[in-house]
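Notes follow the structure.
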Protein chains: 2
Amino acid sequence: MAPRLVSSDELIDRLTMLFRRVGYEAASLVEIAAATGLQKSSIYHRFPGGKEQMAQEVAEASGRRFSEHVLAPLRSNAPVDERIGAVARNLDLFYEAGARSCLLDTMSLGDPGAGTTEALAAAASAWIRAFATVAREAGATSTVALARAQEAVAGIEGALVLARVTGDKRPFARALKRLPEILLGH
Amino acid sequence: MAPRLVSSDELIDRLTMLFRRVGYEAASLVEIAAATGLQKSSIYHRFPGGKEQMAQEVAEASGRRFSEHVLAPLRSNAPVDERIGAVARNLDLFYEAGARSCLLDTMSLGDPGAGTTEALAAAASAWIRAFATVAREAGATSTVALARAQEAVAGIEGALVLARVTGDKRPFARALKRLPEILLGH
DNA sequence: GTCTATACGACGATAGAC
DNA sequence: GTCTATCGTCGTATAGAC
């Protein structure tokens, strides 16, 4: 049994980077091999289900990590605005100040398979739910909290699209800055 | 000279629909032929530059039409809030209440060629500029007006991403409803 | 578990008849 | 201008040695 040249975590990491950058369809196996440092057939040994399985595992892992790391401060017992500030800083790192696209966007085009589509939907819902919980703590009804959470997430996703298309990352910075106002009410 | 089975405008229309739905990379020539009702080689007669030329012409035409039709009410001399309301209704039709994705998003992944990328950037800038002009009319400085315009466009683009991923189109409706507040100041 | 080599279908694109 | 037929390449995926 030859030693693993690339750990499972690192493999997912590098695939995640690739899918975020070019999306699902444009990520060819040649690029996947180059990005991971493995040969095509070695990758199939890790993902017998091929590209669809890679996409699904990336989507699932990314949703998990986003929840565990980026959104983690929301579950602390610091003051609400401090928690939101911490999440904003995490988001700035996660999206590299707007330079990196979001998997929810880039992997939801083409035909990445049902499993991936479900994983993306689940990740989006979890994010929105986490934001909505904070809004509720600030006194909003569950309906209003959901709307505020969706507005906040949409603002971030849209700013990332703008950054990719126009190169201007300032809207992303402002979307993060507005986060407290949006979630806590204007 | 055989008669044109599909007019040039209709050809662009159908290609636009396809690219909005699946993006650039996932739009294969087989799908393009099916969507347009022409054979692959007939399409090459119209677009000798192949898929890249199709993408570029679609991006350019879409930017033009968006400016001429969707954003047109902004250039009338009705009261500002009425103009914005008219644009919101146009946007609702253009994006079919959130059911259709935006070309700025779906065609900015993969490698659609330099011409397409430039056309998308130009279209995004024109949209933002049009919104910013309205904000300036409402008394905002040019810096603030730009920020408001970008916030408004990002809100719409993000809501479209959310709609595609989660299936929930309500954030899009709310993004349109917020349009006056955002552009005219809170 | 990784590699080289290869199968083979789908892809973008072209040739040439009508 | 449209079609049928076809080209070469690149795509995903496998086989089998080490």
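A, B, ... follow the sequence lines: proteins, then strands. Residue 1 opens every chain. Predicted model, so just to flag it, every value in this text is computed and none were measured.
The distance from atom CG of A/Leu11 to atom P of C/dG1 is 12 Å, rounded to the nearest whole Å. Computed from coordinates, the A/Phe47 CZ to D/dA13 C1' distance equals 15 Å when rounded to whole Å. We find that CD of A/Gln39 is positioned 8 Å from C1' of C/dT2, with the value rounded to whole Å. Rounded to a whole Å, the NE2 atom of B/His45 is 13 Å from the P atom of C/dA15. We find that CD of A/Glu31 is positioned 9 Å from P of D/dT12, with the value rounded to whole Å. Distance A/Asp111 CG to C/dC11 P: 12 Å, rounded to the nearest Å. Following rounding to the nearest Å, B/Leu29 (CG) and C/dG12 (P) show an atom-to-atom distance of 4 Å. Rounding to whole angstrom units, CZ of residue B/Arg46 and C1' of D/dC3 are separated by 14 Å.
Remark: A/Arg20 is positioned above the aromatic ring of A/Phe94, its terminal NZ or CZ atom under 6.0 angstrom from the ring centre and at most 45 degrees off the axis.
Proximity of a side-chain donor or acceptor of B/Ser62 to a complementary backbone N or O of B/Ala59 within less than 3.5 Å is not detected. Between the side chain of B/Thr166 and the backbone N or O of B/Leu162, at least one donor-acceptor pair lies under 3.5 Å.
Within 4.0 Å of B/Ala27, counting heavy atoms only, lie sugar-phosphate atoms of the nucleic acid but no base atom.
In the model, A/Arg164 has a side-chain atom that pairs as donor or acceptor with a side-chain atom of A/Ser101 under 3.5 Å.
Classification of A/Arg64 and A/Glu68 as a salt-bridged pair fails, no side-chain N sitting under 4.0 Å from a carboxylate O.
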Pairs under 3.5 Å (N/O, protein and nucleotides 5-10 of chain C):
none

(message) Under the criterion side chain to side chain contact (heavy atoms under 4.5 Å, CB included), I'd like the reasoning laid out for B/Asp168 against A/Ile128: C-alpha separation, chi angles, the key distance, then a yes or no.
(response) CA-CA 12 Å; B/Asp168 190 347; A/Ile128 292 167; over 6 Å; no
(request) Go through A/Val22 and B/Leu109 one step at a time and tell me if the side chain to side chain contact (heavy atoms under 4.5 Å, CB included) criterion holds. (result) CA-CA 6 Å; A/Val22 306; B/Leu109 281 171; 5.9 Å; no
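Checking D/dT2, D/dG11, C/dG1 against every side-chain atom of B/Leu5, the shortest atom distance belongs to D/dT2.
Residues A/Met54 and B/Ser42 each lie close to DNA chain D; by heavy-atom proximity, the contact nearer the 5' end of the strand is made by B/Ser42.
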